[in-house]
Trainee: 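The structure that follows is given in the form of structure tokens.
In each ligand, atom 1 is the first atom listed, and ligand 1 is the first ligand listed. Values in this document were obtained by computation on a predicted structure and should not be read as measured data.
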Amino acid sequence: MRNYIDDFRDSEVISRIVQSLQGYSGPKLKIMEVCGTHTMAISRYGLRSLLPRQIELVSGPGCPVCVTPTSYIDSATELADSKNVIITTFGDMMRVPGNNSTLLHKKAQGSNVQMVYSPLNAVELARNNPDKEVVFLSVGFETTTPVIALSVLKAKSEGIKNYSVLTANKTMPEAIKALADDKELQIDGFLYPGHVSAIIGTDFFSYVAYNMEKAGVVAGFEPLDILYSIKVLVDNIANGSIVFENMYSRIVAREGNIKAQQKMYEVFEPVDVVWRGIGMIPRSGLGLVKDYEQFDAAKKFDIKSKDIPEPKGCLCGEVLKGKKRPGDCKLFKKRCTPETPVGSCMVSSEGTCAAYYKYGE
Ligand code: SF4
């Protein structure tokens, strides 16, 4: 019995698309898959190996854990040392190396660090532990930020004062603009993330196509979604048609999820933030608006961000910009493995180095 997903893994249809892509003989094209979920899916299904040499797929910075700066991890691990603080976080953040430690190490040493599946669980924890300060590590793109906003709204509406969020939230558009503008990188087209697009809509991607002259498609995450989207992108570029197309219309609407956007911007506003390995990108992050600053852990605990360099030899920054591949890093598969990660790109389940390690180059 076939199910809905089988249609997006149909080997016959996939073979026809691959054949058509193999027939491409135009100039070399560099296509960036912006998001880590695409990087993982492309590696898992071996899609890179199905493309002709003329079509190069490079990975971008769309893994939220990977672009979280070392200084943030250091602030979180230092905060975990405080006796009356409970640190709550999504699982991936537990193993990201800071300058001195990881949250997993802190937990092993007795700090109160708890993995949660939703920031709403962290609010519940705060409600049940009124003598403790519960801090949620607020890391993510537009996909996760709305639910973090909801947690702040919930804490406020219930008068919970011992809940706060340590923000490192990022937004995609300014980062994509920086990548589209990068003369050294020379991207021909973008494969945009389906989940982020489901929240923010597609107007921005049309802007990139028509104002910055970079073609793009929004793609889903099944093999057929990805390969067909690449085919549409390649055909458009080959025909000189620098446009944007939504190839994930079963999920993504032009206007996005307006309710989620409203909640997000009720609680957060754009701020300048540092992307790990990339540097500061103006207005590419989200900080709490004045009405909700009582939930800002950085203010509550007087946390100042510090400038901390990447671990020696780690090329994560260049990998995140699509300028290097994991194999270009001398530490890859040697000193840096998923068990002993040196950089964040090896930690996250969406990290490029982790994907290449697990599924090969
Ligand atoms: Fe950094 Fe490890 Fe990737 Fe090298 S292999 S770039 S050290 S995360």
Trainee: Under the salt bridge (Lys or Arg N to Asp or Glu O under 4.0 Å) rule, collect the residues that match up with Glu222, sequence neighbours excluded.
Mentor: Arg9

Trainee: Among pairs that include at least one residue of residues 49-83, which meet disulfide bond (SG atoms under 2.5 Å apart), considering only residues two or more places apart or in two chains?
Mentor: Cys63-Cys66

Trainee: With distance as the sole test, does Ser111 use its side chain to make a donor-acceptor pair with the main-chain N or O of Ala80 at under 3.5 Å?
Mentor: yes

Trainee: Test of understanding: clusters of I, L, V, M, F, W, Y form through side-chain heavy atoms closer than 4.5 Å, transitively. Do Tyr292 and Ile303 belong to the same one?
Mentor: no

Trainee: If I only include protein atoms of type N, O or S, how many are less than 2.8 Å from atom 3 (Fe) of ligand 1?
Mentor: 1

Trainee: Identify, with sequence neighbours excluded, every residue that meets salt bridge (Lys or Arg N to Asp or Glu O under 4.0 Å) alongside Glu184.
Mentor: Lys323

Trainee: Would you say the side chains of Tyr356 and Arg48 form a donor-acceptor pair under 3.5 Å?
Mentor: yes

